[in-house]
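Quick notes on the structure that follows.
Start at 1 and go down the list; that is how both ligands and their atoms are numbered. The basis for the numbers below is simple: all heavy atoms, side chains too, and nothing from hydrogens, waters or symmetry mates. Note that the structure is a prediction, hence the values are computed from the model and not measured.
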Amino acid sequence: MADNNRAELERILELQRTTFTSKRPEPMHMRKDRIKRAIALVRDNGDSFAKAMSADFGNRAFMQSMITDIAATVAAGNDALKHMDEWAKPDKRKVKFPLGLMGAKAEVRYEPKGVVGILSPWNFPVNLAFAPLMQILAAGNRAMIKPSEFTERTSLLMSELVAEYFTPDEVAVFTGGPEVAAAFSSLPFDHLVFTGSTATGRKVMEAAAANLVPVTLELGGKSPVIMGRSADLEKAGERIALGKMMNAGQICLAPDYMYVPEDKEEEAINGVTQGVASMYPTLLHNDDYASVVTDEHFDRLQNMVSDARDKGADIIEVNPGNEDFSTTNSRKMPLTILRNVTDDMQAMQEEIFGPVLPVKTYKNLETAIDYVNANDRPLALYYFGQDKGEQEQVLSKTISGGVTTNDVIFHVSMDDLPFGGVGPSGMGSYHAVEGFREFSHARAVYHQTKVDVAKLGGFKPPYGDAAKKAIKAMMK
Ligand code: NAD
């Protein structure tokens, strides 16, 4: 959009910051009113959003959009409304003995930071812009949003609706491509939340560093499934199939690859295949199954499969309806399982972000643990099995953003758990009290006693015996 140039971005940032400063302190009911408007915006326009997302993707199930982008975002808003009074309460802290006895007090106040920028991706375009917004508003901030250029219709609708439900000094949306995104990430925000790829995350952090803007980076990565020997492979397969096929695998938390006991490979693959067939008897003309978002992303996935084939992988296409995908331009792709994968294959080097599932095998569980540790720390890790000792071994010897055991993805839907990555899969988190704190400044406040503490403690020149005593006591 022509007017989303740097000058316009700076003008709105200035407007939001000036209004923020002049209106402080804002009562909680004003924050709540903004959250209620954000909830109404998403809820009352759910149908239009779902249609826009489907048009942007080529196809995306209406019900899936209602679950993942509309209902889940409304739920995030309701969760913030329910808990924000509790989250915002100052924490009483201890003061050094014996200052408490003399009337000194210490507290941490969770105060708004000011203006928070939100840079969001295309895969859950409504959720990943508005769910962080709920907590940003709960913490008393104002927000500027730059949604993805790949979901153009959805982003345009977001920008129209935000202008209807909010004044520009409260929340504003800026549409546009990477040049707008780059200008946006170089603004001197009070905080910046970026959800997207690790590669873009690096650029965002670099741009933010110039202004020392603190960042929350919600990135991607290769989230492994570690299948224990005690796993119920039929159940596990169905759950993995659901997590891998939803949104056609275009989920940051989608199980990226599967590590299974060598002697159970066949059975584990059958579990996933059966899971796909039971949910998607057909794919091509099945509205429940999403398309890959753009031709470029589709080609990337096709190349990934060809690369694996060329380097010796066995390819299993899970095509329950025996449909002919070669004659369609719907960008639909069946789940493609890769066996006998090696580390030099693209599929084992990049985040897959689509319906491709490499399978690796282990003789000893340690091999799988070592592999996870030798690679970038993933956004999520999934363990299947009933062996609690083994589960603990996997959890305590690996590091990942989050974990779900005996299923995939579910930890993100627990309102009371923080959601975020670690290392290359991100930094910081939102959801739950941690999210509120992420968007707040923890301000340390100390209230001094009437007693002359400096003199009593020997800190006041001329230094003498009291100072010597104090030094000795401090180093005891
Ligand atoms: P992306 O990194 O390509 O784009 C995300 C956003 O960055 C877009 O709004 C885009 O306009 C903007 N952008 C592009 N170039 C930029 C630049 N130079 N400077 C600043 N911003 C720029 O990601 P994507 O393809 O939209 O999303 C897919 C990725 O996002 C995957 O890696 C996935 O794992 C990750 N993801 C993470 C989460 C999470 O919560 N951790 C959620 C969803 C997606």
Side-chain angles (χ1 to χ4, degrees), residues 1 4 6 9 53 56-57 68-69 72-73 76 117-132 135 144-152 154-155 158-159 173-187 189 192-210 213 215-223 246-256 292-294 296-298 300-301 350-354 376-380 400-402 409 411-413 417-431 435 438:
M1 255 188 173
N4 282 342
R6 197 178 167 88
L9 293 170
M53 286 185 273
D56 280 332
F57 271 70
T68 59
D69 280 85
T73 310
I118 304 173
L119 261 166
S120 53
W122 52 265
N123 64 331
F124 294 103
V126 176
N127 185 322
L128 296 170
F130 286 100
Q135 289 202 310
M144 289 168 64
I145 306 172
K146 154 60 186 96
S148 173
E149 60 276 18
F150 288 117
T151 35
E152 217 177 348
T154 313
S155 297
M158 278 165 65
S159 117
V173 173
F174 299 86
T175 53
E179 59 309 323
V180 177
F184 189 91
S185 62
S186 68
L187 294 176
F189 288 115
L192 180 59
V193 189
F194 169 79
T195 306
S197 62
T198 300
T200 313
R202 267 183 236 282
K203 292 186 196 163
V204 168
M205 191 166 172
E206 207 177 317
V213 172
V215 288
T216 304
L217 300 179
E218 298 284 351
L219 311 176
K222 295 183 78 60
S223 300
M246 183 184 281
N247 218 32
Q250 301 165 109
I251 309 183
C252 57
L253 287 168
D256 191 277
V292 173
V293 72
T294 61
E296 195 190 342
H297 285 79
F298 186 77
R300 182 183 64 83
L301 290 162
E350 309 165 9
E351 176 182 8
I352 288 174
F353 220 60
D376 282 351
R377 290 177 175 166
L379 183 61
S400 69
I409 305 179
H411 60 283
V412 69
S413 60
L417 284 178
F419 173 60
V422 56
S425 57
M427 63 179 68
S429 56
Y430 67 103
H431 295 191
E438 183 92 355

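Considering only heavy atoms from C-beta on, P378 stays 4.5 Å or farther from D256 through its side chain. When side chains are defined from C-beta on, E351 does not count as touching S197, because their heavy atoms never get closer than 4.5 Å. In this structure, the side chains of E438 and V193 stay at 4.5 Å or more apart for every pair of heavy atoms. Here the side chains of L301 and V292 are in contact, with some heavy-atom distance below 4.5 Å. Side-chain contact between F124 and N247 is present, with at least one heavy-atom pair separated by less than 4.5 Å. A heavy-atom distance below 4.5 Å is found between the side chains of H411 and L253.
Annotation: K203 places no N or O atom under 3.5 Å from an N or O atom of ligand 1; distance criterion only. At under 3.5 Å, a nitrogen or oxygen of G196, whether backbone or side chain, sits near a nitrogen or oxygen of ligand 1. Of the polar atoms of T198, none of the N or O atoms is found under 3.5 Å from an N or O of ligand 1, judged by distance alone. Checking only distances, S425 never comes within under 3.5 Å of ligand 1, N or O to N or O. Taking only nitrogen or oxygen atoms, main chain and side chain alike, H297 does not reach within less than 3.5 Å of ligand 1.
By the criterion of a heavy-atom distance under 4.0 Å, the backbone of L219, and not its side chain, is placed next to ligand 1. By the criterion of a heavy-atom distance under 4.0 Å, neither the backbone nor the side chain of A207 is placed next to ligand 1. Looking at L253 against ligand 1, nothing comes within 4.0 Å, counting heavy atoms. Residue contacts with ligand 1, taken as heavy atom pairs separated by less than 4.0 Å, involve F194 solely via side-chain atoms from C-beta onward. With a 4.0 Å heavy-atom cut-off, ligand 1 is reached by the side chain of N123 but not by its N, CA, C or O. When heavy-atom distances to ligand 1 are checked against a 4.0 Å cut-off, V204 comes that close only through its side chain, counted from C-beta outward.
Protein heavy atom at the shortest distance from atom 33 (C) of ligand 1 is F353 CE1, 3.3 Å. Regarding atom 21 (N) of ligand 1, its nearest protein heavy-atom neighbour is A181 CB, 3.3 Å. Ranking the protein heavy atoms by distance from atom 27 (O) of ligand 1 puts P121 CB, 3.4 Å first. Of all protein heavy atoms, the one lying nearest to atom 36 (N) of ligand 1 is C252 CB, 3.4 Å. In this structure, atom 23 (O) of ligand 1 lies nearest to the protein heavy atom S197 N, 3.4 Å. When hydrogens are left out, the protein atom nearest atom 10 (C) of ligand 1 is E149 OE1, 3.4 Å; that is the closest non-hydrogen contact. Closest to atom 19 (N) of ligand 1, if we only count protein heavy atoms, is A182 CA, 3.7 Å. Atom 25 (O) of ligand 1 has W122 NE1, 2.9 Å as its closest protein atom, hydrogens excluded (heavy atom only).
Listed by atom number, the atoms of ligand 1 under 4.0 Å from S148 heavy atoms are 9 (O). Residue S185 has at least one heavy-atom neighbour below 4.0 Å for each of these atoms of ligand 1: 19 (N), 20 (C). Below 4.0 Å from some heavy atom of E218 lie the following atoms of ligand 1, by number and element: 37 (C), 38 (C), 39 (C), 40 (O), 41 (N). Close approach to T200 involves these atoms of ligand 1, each under 4.0 Å from a residue heavy atom: 1 (P), 2 (O), 3 (O), 7 (O), 13 (N), 14 (C), 15 (N), 16 (C), 17 (C), 21 (N), 22 (C).
Summarising the geometry, atom CG belonging to L187 is positioned 12.5 Å from atom NZ belonging to K146; distances are rounded to the nearest 0.5 Å. Of the inter-residue distances, the one linking T198 atom OG1 with D376 atom CG reads 7.5 Å to the nearest 0.5 angstrom. Expressed to the nearest 0.5 Å, how far CG of N123 lies from CD1 of I251 amounts to 8.0 Å.
Assignment of G421 to the shell around ligand 1 is not supported, since no heavy atom sits closer than 4.0 Å. Not a single heavy atom of G426 lies less than 4.0 angstrom from ligand 1. Put simply, no part of F184 is less than 4.0 Å from ligand 1, judged by heavy atoms. Ligand 1 is never approached by F124 to a heavy-atom distance shorter than 4.0 Å.
When all heavy atoms are compared, the tightest approach of S155 to T175 is O-CG2, 3.7 Å.
Remark: E350 engages R300 in a salt bridge (Lys or Arg N to Asp or Glu O under 4.0 Å) (not counting sequence neighbours).
For CD of E206, the number of neighbouring non-hydrogen atoms (other residues, nucleotides, ligands) closer than 6.0 Å is 12 at most.
Ring geometry for W122 versus H297: interplanar angle over 60°, hence perpendicular rather than tilted (30 to 60°). Note: F184 and F174 have tilted aromatic rings, judged against thresholds of 30 and 60 degrees for the angle between ring planes.
Closer than 4.0 Å to atom 4 (O) of ligand 1 lies none of the heavy atoms of the protein.
Without hydrogens or angle criteria, Q135 side chain to H431 main chain gives a donor-acceptor distance under 3.5 Å. No donor-acceptor pair under 3.5 Å is formed between the side chain of N127 and the backbone N or O of A72.
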